[in-house]
Amino acid sequence: MGICVYLGLDNEKADTVKSGAIGDDTTMPSLDTALQAASLAEKRLREAIEAIPQGIVFLDEEDRYILWNERYAEIYEKSADLLKPGVRLADALRIGIERGDYPEATGQEEQWLSSRIAQLHQPGRRHEQRLSNGRCIMIEERRIEGGGTIGIRVDITDLKQKEETFRLLFELNPLPMLVYDQETGRVRAANEAAYALLGYGPGEMDSLPARALFPASLWQNASELLATDHSDANDCWQMLRRDGTCVDTAISTRLSGLEDHAGTIVSIFDVTERRRIEQRMAHMARHDELTGLANRAHCREHLRDLLDRAGSTETITFALVDLDHFKPVNDTYGHHFGDVVLTETATRMRELIPPDALLCRVGGDEFAVIFRRSSLTQAELVAKSIITTLSEPFFVQGHMIHIGATIGFASSPYDTREAETLMRYADLALYAAKGERRGTCRGFEAGMDAAAQEKNRLEKDLRAAVRQGSLEVHYQPIVDLQTGAVECYEALLRWNHPERGAVPPDVFVPLAEEMGLIDPIGRFVLGSACAEAMRWPAHVRVAVNVSPLQFRNGNLLSTVINALSTSGLAAERLELEITEAVLMEKGPRPAAIIRNLRAFGIGISLDDFGTGYSSLSYLLNYPFTKIKIDKSFILNLHQEASSRAVIRAVIGLGRSLGLTVTAEGIEHEIDRDYLREEGCTQGQGYLFGHAEPPLAIAAAQCRAA
């Protein structure tokens with residue numbers, strides 16, 4: 001059966017035409033023309049269907065094969081031998097089923113074949129067909145005019161694999177996902193992870209209105225989100241679980257044409273834990289880890305905010321609480337004990353401050369309280385209560401620990417309305433309170449700022465003086481009380497300020513220690529004194545005062561050795577004067593340094609003897625060569641019998657221990673005579689000479705010679 005049948009000519013008539021059996025000769029050319037046209041049409045039809053990338057097949061009204069293209073034969077390669085004109089489709093399918101070409105028919109052969117023929121007779125409806133070679137074919141069949149069927153076969157194997165991959169990625173993805181139908185506003189599908197996250201059971205989200213997944217206040221924005229392509233991990237959306245609780249999420253959307261509707265693939269990232277961590281980190285950034293109190297940054301921010309919003313008459317007080325005697329707790333018991341004390345300190349203070357106040361830890365052992373809606377009197381009462389409660393003992397692992405607190409405060413609008421200035425004023429008040437008496441509280445006074453400004457100017461000038469070499473070393477003689485001969489000069493630092501004049505050492509030396517300048521100043525004094533002593537007679541020594549900070553910094557020994565080696569001075573001609581503050585330092589370092597200095601032959605003198613607490617034990621434990629009686633005893637020599645008793649005891653002690661005893665502050669001959677009679681070895685004071693610059697000392701040496 002050929003194309004003639006398709007054109008409406010049965011085979012018999014066609015054969016008659018071809019053999020010339022028609023009697024009317026006039027019809028022959030017309031028939032030949034028609035046959036040629038039909039052949040040409042068949043050829044063109046074949047060429048056309050071969051050019052089509054899909055498989056094409058023509059069936060007659062009795063479902064018999066008429067025509068098909070090469071692509072069709074390739075698709076049904078295992079049944080290609082059955083493709084012959086006139087063969088019924090049903091017969092070809094039955095043979096193919098027997099061969100196993102259609103795996104979907106296995107076990108239900110007749111049922112499958114009946115269903116397939118029924119689909120053939122319902123043209124216009126698409127359906128899929130699986131082949132034994134693993135291919136998946138989309139079939140669409142249409143009836144043609146005059147009877148018969150044209151069938152289209154599309155190989156959708158790759159598409160189905162992609163769909164299957166997507167399905168697996170969607171359904172088995174640990175990331176919660178759902179498909180949103182933009183037309184209906186409902187959920188078309190959701191995977192197991194989405195069910196688990198949102199608390200729904202299997203199938204319960206099918207056709208669920210998407211608005212049920214968001215709080216009502218967010219739905220308008222959420223609906224816009226679901227209708228767009230969107231991906232921003234920093235956006236946070238609250239979604240509703242089935243039980244009404246909220247979960248923090250980040251949502252990524254991707255528009256996609258799904259089958260016959262506009263849909264959105266929605267990926268949901270559970271950021272609840274991330275948000276919890278972020279909130280924890282934000283809290284840690286604003287709070288002290290040990291005590292849980294607001295930290296310095298939070299304190300400053302809160303104070304600024306309060307002052308910005310405060311009315312013209314609203315009082316805001318900033319108080320600084322500094323713990324007294326806390327450092328020895330860490331030094332003696334360790335930082336663990338210190339942490340316990342700090343935590344207990346925070347607990348005690350929390351119970352005392354008003355509800356509107358903010359308690360902060362702004363430093364190692366420094367706290368702050370920001371009072372709002374509290375009068376100055378109320379703030380001061382709370383401050384005194386804090387001092388009282390922190391004076392009570394702390395019990396840590398069986399140990400009773402005593403600390404205390406000193407407090408300084410400043411208030412707005414009385415002192416200032418600026419946060420930084422208010423904090424600085426409270427610090428000045430605290431500094432003044434500590435300088436006056438620890439365990440007290442003190443408010444800011446205008447004079448404190450002036451004093452602080454003056455101190456700041458003095459610090460700048462001192463730093464410039466050290467940098468420019470403006471400091472000088474003067475020398476005061478120490479004489480033998482028996483002969484009056486100079487045995488030693490004490491090197492004393494002097495600062496002659498171009499505007500202020502002579503600045504007392506008891507003013508600028510503590511300032512230098514506070515500023516961290518004592519090391520360079522100490523090197524300068526030692527170097528200058530050793531170099532100057534080289535110009536004196538060989539029997540005259542030089543005494544240099546040493547700061548406790550020089551011992552603490554650990555550079556003293558190298559500084560002394562360097563000064564001696566640079567100048568060429570013999571170590572026996574150098575004496576270092578130290579106070580009991582050096583000996584009160586914890587640990588073995590001071591003792592080791594002193595013993596090393598003595599090993600070089602350097603003399604060690606204990607200055608201001610009699611004013612400390614443990615002088616006798618120090619004399620027994622350290623290799624001193626000299627003790628100096630403090631001038632306070634000498635000045636009261638003839639007014640107080642107790643002073644004479646102390647002097648006599650010290651001289652006797654020194655004689656017993658083989659130490660040189662030097663009395664400071666001798667201004668009158670009667671004092672000199674008394675000390676000489678008591679057996680004091682050396683004397684120092686204005687009676688013998690003031691501290692003079694090197695040139696004056698050189699002139700005195702020449703006169704003595």
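Not measured: the values here are computed from a predicted model. The first residue in the sequence is number 1, and the count goes up from there.
Looking only at distances, a side-chain donor or acceptor of Arg598 sits under 3.5 Å from a matching main-chain atom of Ile602.
Taking the six-membered ring where the residue is Trp, His302 and His298 present perpendicular rings, their angle passing 60° and hence far from 30°. The aromatic rings of Tyr475 and Tyr489 sit perpendicular to each other, their planes meeting at more than 60°, with 30° as the lower class boundary.
Counted by atom type alone, Glu577 and Ser605 present zero donor-acceptor pairs between their side chains at under 3.5 Å. Side chains of Glu472 and His474: a donor-acceptor N/O pair is present below 3.5 angstrom, by distance only. Side-chain atoms of Asp322 and Thr406 form no donor-acceptor pair, as typed in the model, at a separation below 3.5 Å.
Glu445 is linked by a salt bridge (Lys or Arg N to Asp or Glu O under 4.0 Å) to Arg442, counting only residues two or more places apart in sequence or in another chain. Listed by chain and residue number, Asp673 satisfy the salt bridge (Lys or Arg N to Asp or Glu O under 4.0 Å) test with Arg676 (two or more places apart in sequence, or in another chain). Partners of Phe371 under the ring-ring contact (aromatic ring centres under 6.0 Å, His included) rule, at least two apart in sequence or in another chain, do not exist in this structure.
For residues 334-351, the salt bridge (Lys or Arg N to Asp or Glu O under 4.0 Å) pairs, not counting sequence neighbours, are Glu344-Arg348. Evaluation of the side-chain hydrogen bond (donor to acceptor under 3.5 Å, both in side chains) test over residues 653-665, restricted to residues two or more places apart or in two chains, returns Lys628-Glu664, Thr662-Gln682.
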**Request:** Decide side chain to side chain contact (heavy atoms under 4.5 Å, CB included) for Asp607 and Ile578; before the verdict, give the C-alpha distance in whole Å, the side-chain angles of both, and the deciding distance to 0.1 Å.
**Result:** CA-CA 6 Å; Asp607 200 8; Ile578 65 175; over 6 Å; no
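Under the 6.0 Å cut-off for aromatic ring centres, His402 and His325 do not qualify, their centroids lying 6.0 Å or more apart.
In this structure, Glu420 pairs ionically with Arg300, as a charged nitrogen and a carboxylate oxygen lie closer than 4.0 Å. Salt-bridge check for Arg361 with Glu289: failed, with every basic side-chain N at 4.0 Å or more from each acidic carboxylate O.
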Just list the side-chain donor-acceptor pairs under 3.5 Å for residues 497-508, sequence neighbours left out, or say none.
residue : atom : partner : partner atom : Å
His497  : ND1  : Glu499  : N            : 3.0
His497  : ND1  : Arg500  : N            : 3.0
His497  : NE2  : Asp461  : OD2          : 2.9
Arg500  : NH1  : Glu454  : OE2          : 2.2
Arg500  : NH2  : Glu454  : OE2          : 3.2

